[in-house]
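Report on the structure given below.
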Amino acid sequence: MSKKSLAEIAKEMAGIDIAILSTHTENGEIANRPMSNNGDVAYDGTSYYFTYEKTRTVSDIQRNPNVALGFSSETGLFAERIYVAVEGTAELIRDKAVFHQHWTSDLDKWFENGVDTPGIVLIKVKANRATYWKGREEGEVGL
């Protein structure tokens, strides 16, 4: 199994906006949903996602902060797709100053009053382990 640095993988992940976020439900099942990086795609081992406080995603994280993220690059005529699987720890952030650091105007269509929208929360996922697949190559990401 090969090993690439986080910087090498981050270059290949540039432009991947949508990730699949997986959490553990109260019944022990795994729940998956697409989440947008909101243009915050310069991957450094930490990802941020906005959502509403009263979602299953938030209640799952409050109960068990161990989550997974799945990333898949766009494919092109001569491009090799990369897949990245991240295991991490989620944290719920409710600080508007931090919201401002990760806010983009695209979020306005989801959150009508911007960072002042009642009931929004920012999910921060810090990677503990990451693996990748590209063509026949697979390996670990040095975090």
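For clarity, every value in this text was computed on a predicted model and none was experimentally measured.
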| said: To the nearest 0.5 Å, what is the distance between CD1 on I61 and OG1 on T23? | reply: 6.5 Å
| Polar side-chain atom of S73 near backbone of Y83 as donor-acceptor pair, under 3.5 Å | no
| How about F111 and F50: do any of their side-chain heavy atoms sit closer than 4.5 Å? | yes
| field | Qualifying residues under side chain to side chain contact (heavy atoms under 4.5 Å, CB included), relative to D95, sequence neighbours excluded | value | I93, A97, V98
| message | Please tell me whether S22 and N32 have a donor and an acceptor in their side chains that are separated by less than 3.5 angstrom. | response | yes
| query | Are F71 and W133 connected in a single hydrophobic cluster, I mean Ile/Leu/Val/Met/Phe/Trp/Tyr linked by side-chain heavy atoms less than 4.5 Å apart? | reply | no
| By side chain to side chain contact (heavy atoms under 4.5 Å, CB included) - contacts of A7 (at least two apart) | S5
| query | Can L21 and I123 be said to form a side-chain contact (heavy atoms from CB on, under 4.5 Å), step by step? | reply | CA-CA 10 Å; L21 172 63; I123 300 168; 4.3 Å; yes
| field | Separation between CD1 of I120 and CG of L107, rounded to the nearest 0.5 Å | value | 8.0 Å
| query | Should we say atom CD of E112 is surrounded by more than 12 heavy atoms from elsewhere, each under 6.0 Å from it? | reply | no
| Is atom CD1 of I20 surrounded by more than 12 heavy atoms (other residues, nucleotides or ligands) closer than 6.0 Å? | yes
| task | Would you please name every residue forming a side chain to side chain contact (heavy atoms under 4.5 Å, CB included) with R129, sequence neighbours left out? | result | E87, T131, E140
| message | Would you compute the distance between atom NZ of K96 and atom CG of D116 and round it to the nearest 0.5 angstrom? | response | 4.0 Å
| task | Kindly indicate whether the side chain of I16, heavy atoms from C-beta on, has any atom under 4.5 Å from the side chain of V84. | result | no
| query | Does the N64 side chain pair with the main chain of N66, one donor and one acceptor, at a distance under 3.5 Å? | reply | yes
| field | Interatomic spacing from CZ in R63 to OG1 in T25 - rounded to 0.5 Å | value | 7.0 Å
| query | Which value, rounded to the nearest 0.5 Å, describes the distance between Y52 atom OH and W110 atom CH2? | reply | 9.0 Å
| query | Can you tell me how far CD of E91 sits from NZ of K126, rounded to the nearest 0.5 angstrom? | reply | 11.5 Å
| message | With clusters defined by side-chain heavy atoms of hydrophobic residues (ILVMFWY) lying less than 4.5 Å apart, directly or transitively, does V58 cluster with M35? | response | yes
